[in-house]
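Report on the structure given below.
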Amino acid sequence: MGRDVASANISGEDRRRYREKVRRCLDVLARMLGESQFDFRRPHIGLEIELNLIDAVGDPLMRNADVLKAIADPAWATELGQFNLEINIPPRELGGEGAGELESEVRDHLLHADGRAQEVGGRLVMIGILPTLRRGDIGEETLSANARYKMLNDQIFAARGEEFHISIDGAEPLRMHADNITPEAACTSVQFHLQVSPDQFGAYWNAAQAVAGPQVATAANSPFLFGHRLWQESRIRLFEQSTDTRPDELKAQGVRPRVWFGERWITSVFDLFEENTRYFPALLPLCDEEDPREVLDAGGVPQLGELTLHNGTVYRWNRPIYAVFKGRPHLRVENRVLPAGPSAADVVANGAFYYGVVRALAEEDRPVWTRMSFNTAEENLHRAARDGIDATMYWPGMGNVPAAELVLRKLLPLAYEGLDRWGVDPARRDRLLGIIERRCVTGRTGAAWQIETVAELERSGASRHDALRMMTRAYAAHMRGNEPVHTWPIGV
């Protein structure tokens, strides 16, 4: 939910007006879909990356406002916690020349921002969960100084009415309660955007859902939280719990969670916006002046502000996006399942794998979602989050199979085929997908590297937190070198 909002007192009338406005926006969206008003001349991709700030010893640095001022680049913004930043990489054509420069552009942005962060005593680290976070680092006082975060915190707690319960199994299970949403700030992700035509949206969203498990298995990078070794991608479970507006009684009634995989394959983007409107009460009921019906009737393009704001407070792992750019509306799938990092090369390789696979799956004559249940796709995601590259998951025609075997035998060939259809340069295609292949062959993901490095440091006599600090500093140095994680040596 990246939109800025002003602090406000919310009344019952505000909620009623907002609900009516959201429904009006939904009706207008239905008209626009029926009238084929959407821009889709050349598909574009976009990229958002969330990062953490660390100090000289590797602990979190609560100075994102100062670092943002030093960076002085509108591509950068604050995120939920004072130790978080986010960068938005400009959109570009997927098969165009600009896509080929994505890796170097991401790396240049990171190096520039890291240099500015050093001026205020910090460094940037691109990692799913900052390993050196401690429970004392998480509190309402560590929220970024933006009114939307305070309002979101207050509204989520008003809806829930009690503390959050964080419960994650693993080698060293974690059980804790939190009286604010800042544990969510521990979760930093990469979001891949893909512009899709209305006619194809259902197929691409279904394909993204189907491949979510294999994506996470090959890119897990969040094994430590508050000193505990948990899941390979603990961020998935933490995010699900740290923004859950449901007390136990509502869970027992089957009320949907706001961090949501979904519950069915779809045929249209309208299905998703309609579900969001029907199932989820407003968290930020703030109305715009625009009347979307009047704008559309007058031949204009409505912003649908209330619908998009509401959509931003339903945290689907693959989220539908409506936006207006240069006076033209368009639709995007926002893929949100992956953690940040480890390197720019790894991030762009993850993107190449995703964009290639979803293109191939979306265009299959017999789509995978006609041969696999929706619940199985969700189970694959949670197995991957728990076990990473060692996960076993189901795929039609293969049965239950190790994640690495599934990727190497089935999904990587599809990724090559899909990138060819997008018109990606073969040399860049081969380099990026080669990174995914080597991760599968070596079993070395970001999570695996973190776990092995901490274990070696502890065998040498380091305490857990000292080992996490040393590992985090070494991780940040490797990140700046931009070699993919499967090549990183174990240790510091």
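The chain is numbered in sequence order, starting from 1.
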H165 vs H177 aromatic rings, parallel, tilted or perpendicular, using cut-offs 30° and 60°? parallel
Between R235 and E50, does at least one N-O distance fall below 4.0 Å, as a salt bridge requires? no
Fit a plane to each ring of W265 and F374, take the angle between them on a 0 to 90° scale, and name the class: parallel (under 30°), tilted (30 to 60°) or perpendicular (over 60°). perpendicular
Under a plain distance cut-off of 3.5 Å, with no hydrogens placed, do T78 and N146 share a side-chain donor-acceptor pair? no
Out of the candidates E48, E275, E334, only one should pair with R319 under the salt bridge (charged side-chain N to carboxylate O under 4.0 Å, His left out) rule; please name it. E334
Tell me which donor-acceptor pairs under 3.5 Å the side chains of residues 194-201 have, and how far apart each pair is, sequence neighbours excluded?
residue : atom : partner : partner atom : Å
Q195    : OE1  : H44     : N            : 3.4
Q195    : NE2  : D39     : O            : 2.9
S197    : OG   : Q200    : N            : 3.3
S197    : OG   : Q200    : OE1          : 3.3

Quick check: are there more than 12 heavy atoms from other residues, nucleotides or ligands sitting under 6.0 Å from CZ of R444? yes
Between N206 (side chain only) and G202 (backbone N and O only), is there a donor and an acceptor less than 3.5 Å apart? yes
With a 4.5 Å cut-off on side-chain heavy atoms, are F280 and T313 touching? no
Name of the residue among R123, R473, R134 meeting salt bridge (charged side-chain N to carboxylate O under 4.0 Å, His left out) with D59: R134
Let me have the donor-acceptor pairs involving side chains of residues 208-222, under 3.5 Å, with sequence neighbours excluded, atom names and distances please.
residue : atom : partner : partner atom : Å
Q209    : OE1  : N318    : ND2          : 2.8
Q209    : NE2  : F261    : O            : 2.6
Q215    : OE1  : N335    : ND2          : 3.2
Q215    : NE2  : N335    : OD1          : 2.9
T218    : OG1  : P214    : O            : 3.2
T218    : OG1  : Q215    : O            : 3.0
N221    : OD1  : Q450    : NE2          : 3.0
N221    : ND2  : A340    : O            : 2.9
N221    : ND2  : Y475    : OH           : 2.9
S222    : OG   : E233    : OE1          : 3.1
S222    : OG   : E233    : OE2          : 2.9

Please confirm whether the backbone N or O of D346 pairs with a side-chain atom of N350, one donor and one acceptor, at under 3.5 Å? yes
